[in-house]
Every structure is written in structure tokens, then in C-alpha cells.
Amino acid sequence: MTMQPVRPEFAPDPALDRAEMESLQREIAETATFADDLSVDPLDPHTLVAGVDQGFSDGTATSAIVVTRGGNVVERVHARVDTEIPYIPGLLSFREGGAILAALDELSTDPDVFMFDGSGRIHFREAGLATHIGVMLDAPALGVAKNLLCGQPRESLDEPLPEGTRVPIEADGEVTAPDGTVIGHAVQSRQYDSGNRYINPLYVSPGHRLSAETAADIAEHCCDGYKLPEPTRLADAHAADVSRK
DNA sequence: GCGACAG
DNA sequence: ATCTTGTCGC
């Protein structure tokens, strides 16, 4: 019971109607900071990075959190909660937030950075899952998604990108930020050197207290031979393990 | 009305 | 996200 929300009034209540959820997201976006505000160097090997991911089975949502330091696991927790609402693009945090908060309540470690599965600022109202939970905790947070929710890549992503490539994602008409604002990046964390198949990039965006650049730096820094950063991979595996029966 | 949409 | 075995390629 160490990790408690600093802003419980922003809790993602699944009972709210759509307009109320969107209204809350606008308020959260106003509270969020998309600039670096950390007490530690996020790339330092001593930094505690928490990967957060969810799994669903039957009528329950399972959230798993794996805290890493360097390449080692420091703590692993999980929590199960009844699924309240279906997945609705743009309102993901209201479906998964409850399980995440329950898992955070089980955490005894105090992470320096939280890495969520999904988007942060790459969101219609700049209030994706990573922003919502990050603001509630008032902790540095970023979102790592496998697909792009909205925004416009500065350069075409139709052709395979070389490993290490980073393409800015800019706000367009469907995002509340001024057109052209860099709300995140497509990050090619892994790519095959040869062959027919190719790997898609990650879509990394700041959730809270991080700049788009630093969020991409952290995601890239946490990768170790796989497309997904280690904290996310480990949380993925743990969620899958304990999620099913 | 059309299009488009994290997990 | 989830339902699911084999299979293509390095």
C-alpha cells in the first residue's frame, strides 16, 4: 500500500458517461506536464523503471507491474478486477485504469518512471492511459504503443525504417494540441538486417513530466534485443501468466 | 455523411 | 486485448 494516487479526484470511473470521461481527460491534459521534470537521470542504471501491462480473460482484467533496475527485476505484482466497460478508442484508461490502480496498491517499491502499454500524449485530447495514470500519481510516465492512435508522422512510415530511426508524430486536426506539435515518436527499436519480413516501429509518447524526446530515449534505452522494452515485455509475460485461469 | 481509432 | 498450430525464414 505504498503507491497511492496523489490526485484521486482524477480516478478513471467507468460509470461516467462518455461526455464526462472526455471532460475529465481535458482536465487531466491541462494538469499534465510534457517537459522533463525528474529527480533522477532516467537513463542511469540505478533508475527504477516500472513496466505496466494488462491481460483480459473471461470477465476480469489483470494488471501486472514489473519494476526493473538496470536489467534486473526488483519487484513484481499484479491485481485482478472485474471488467466494467468494453474497449472504446480514446477511452482506454477507463477500461484498464481500475486494475492498474489495484496493482499499484500492491507495490512496495517507489519507481522513478512508469512505462505503460498504450499512448500518453498521442491521444485526441492529449490524455491517453500513460497521461491519465501518470497525472494521478504525479510521477514521470510514458506510453509505449504498438499501433498509432492518432497524429501524423512527419515522414512516411510505409517503408521499413532502419533500426534506431526515430520519426516525430505531429498533432493534426484530430488532436487538441496546435497543429505540428510533436506529441510523440515512431521508434524503430528493432529491425532485421536482411530478409523479407520487417518489424513495425513502436509509438512512444510522454505521459507526464517527460518530454517527447526523453520518453523515446527511455523506451529505446530499455530495449534489449527485442522490439518491446524490457519493462513492458516482462509485465506482458507476467500478466499473461497470472491472467488466464 | 465519411473516415478512423491505443488495448 | 483474445481466439490458436503450424510454419516460414535466418
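Below, read A as the first sequence line, B as the second, and so on, with proteins coming before strands; counting in each chain starts at 1.
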Original post:
Is it true that Phe94(A) and His132(A) have ring centroids separated by less than 6.0 Å?
Top reply: yes
Original post:
Quick one: Leu129(A) CG to dG7(B) C1', roughly how many Å, whole number?
Top reply: 9 Å
**OP:** Could you check whether Phe124(A) gets within reach of a base, just the sugar-phosphate, or nothing at all, counting any heavy atom under 4.0 Å?
**Re:** base
Original post:
NA contact type, Leu202(A), heavy-atom cut-off 4.0 Å: base, sugar-phosphate, or nothing?
Top reply: nothing
**OP:** Give one of base, sugar-phosphate or nothing for Gly143(A), where a contact means two heavy atoms less than 4.0 Å apart.
**Re:** nothing
Subject >> Value in whole Å for how far the C1' atom of dT2(C) lies from CG of Asp53(A) >> reply: 13 Å
Original post:
Within a strict 4.5 Å, meaning less than it, do heavy atoms of the His46(A) and Asp112(A) side chains meet?
Top reply: no
Original post:
Starting at the 5' end of DNA chain C, what dot-bracket string do you get if Watson-Crick and G-U pairs under 3.5 Å are bracketed, crossing pairs use [ ], other-strand pairs use | and unpaired bases use dots?
Top reply: ..........
Subject >> Greater than 12 external heavy atoms within 6.0 Å of Arg76(A)'s CZ >> reply: no
Original post:
Quick one: is Tyr192(A) getting a side-chain N or O under 4.0 Å of the dC10(C) phosphate, OP1 or OP2?
Top reply: no
**OP:** Please determine, by modelled atom types, if Glu75(A) and Ser108(A) share a side-chain donor-acceptor pair under 3.5 angstrom.
**Re:** yes
Subject >> Lys/Arg-Asp/Glu bridge criterion (N-O < 4.0 Å) met for Arg26(A), Glu30(A) >> reply: no
**OP:** Could you tell me the separation between the CG atom of Asp117(A) and the P atom of dT2(C), rounded to a whole number of Å?
**Re:** 10 Å
Original post:
Taking only N and O in the side chain of Asn147(A), is any of them less than 4.0 Å away from OP1 or OP2 of dC5(B)?
Top reply: no
Original post:
Taking NE2 from His123(A) and P from dA4(B), how many angstroms apart are they, rounded to a whole number?
Top reply: 19 Å
Original post:
In terms of heavy-atom contacts, does CD of Glu9(A) have more than 12 from other residues, nucleotides or ligands at under 6.0 Å?
Top reply: yes
Original post:
What is the distance from CZ of Arg125(A) to C1' of dC5(B), rounded to the nearest Å?
Top reply: 11 Å
**OP:** Please report, rounded to the nearest Å, how far the P atom of dC5(B) is from the CD atom of Glu126(A).
**Re:** 19 Å
Subject >> For atom OH of Tyr203(A) and atom C1' of dA6(B), their distance in whole Å >> reply: 12 Å
Subject >> Separation of atom CG in Leu149(A) from atom C1' in dC5(B), rounded to whole Å >> reply: 6 Å
**OP:** Would you please name every residue forming a side chain to side chain donor-acceptor pair (under 3.5 Å) with Ser63(A), sequence neighbours left out?
**Re:** Gln54(A)
Original post:
Quick one: on DNA chain C, does Arg95(A) or Asn196(A) contact a more 5' nucleotide (nearest heavy atom)?
Top reply: Arg95(A)
Subject >> Candidates dC5(B), dG9(C), dA1(C) - which lies nearest the side chain of Phe56(A) >> reply: dA1(C)
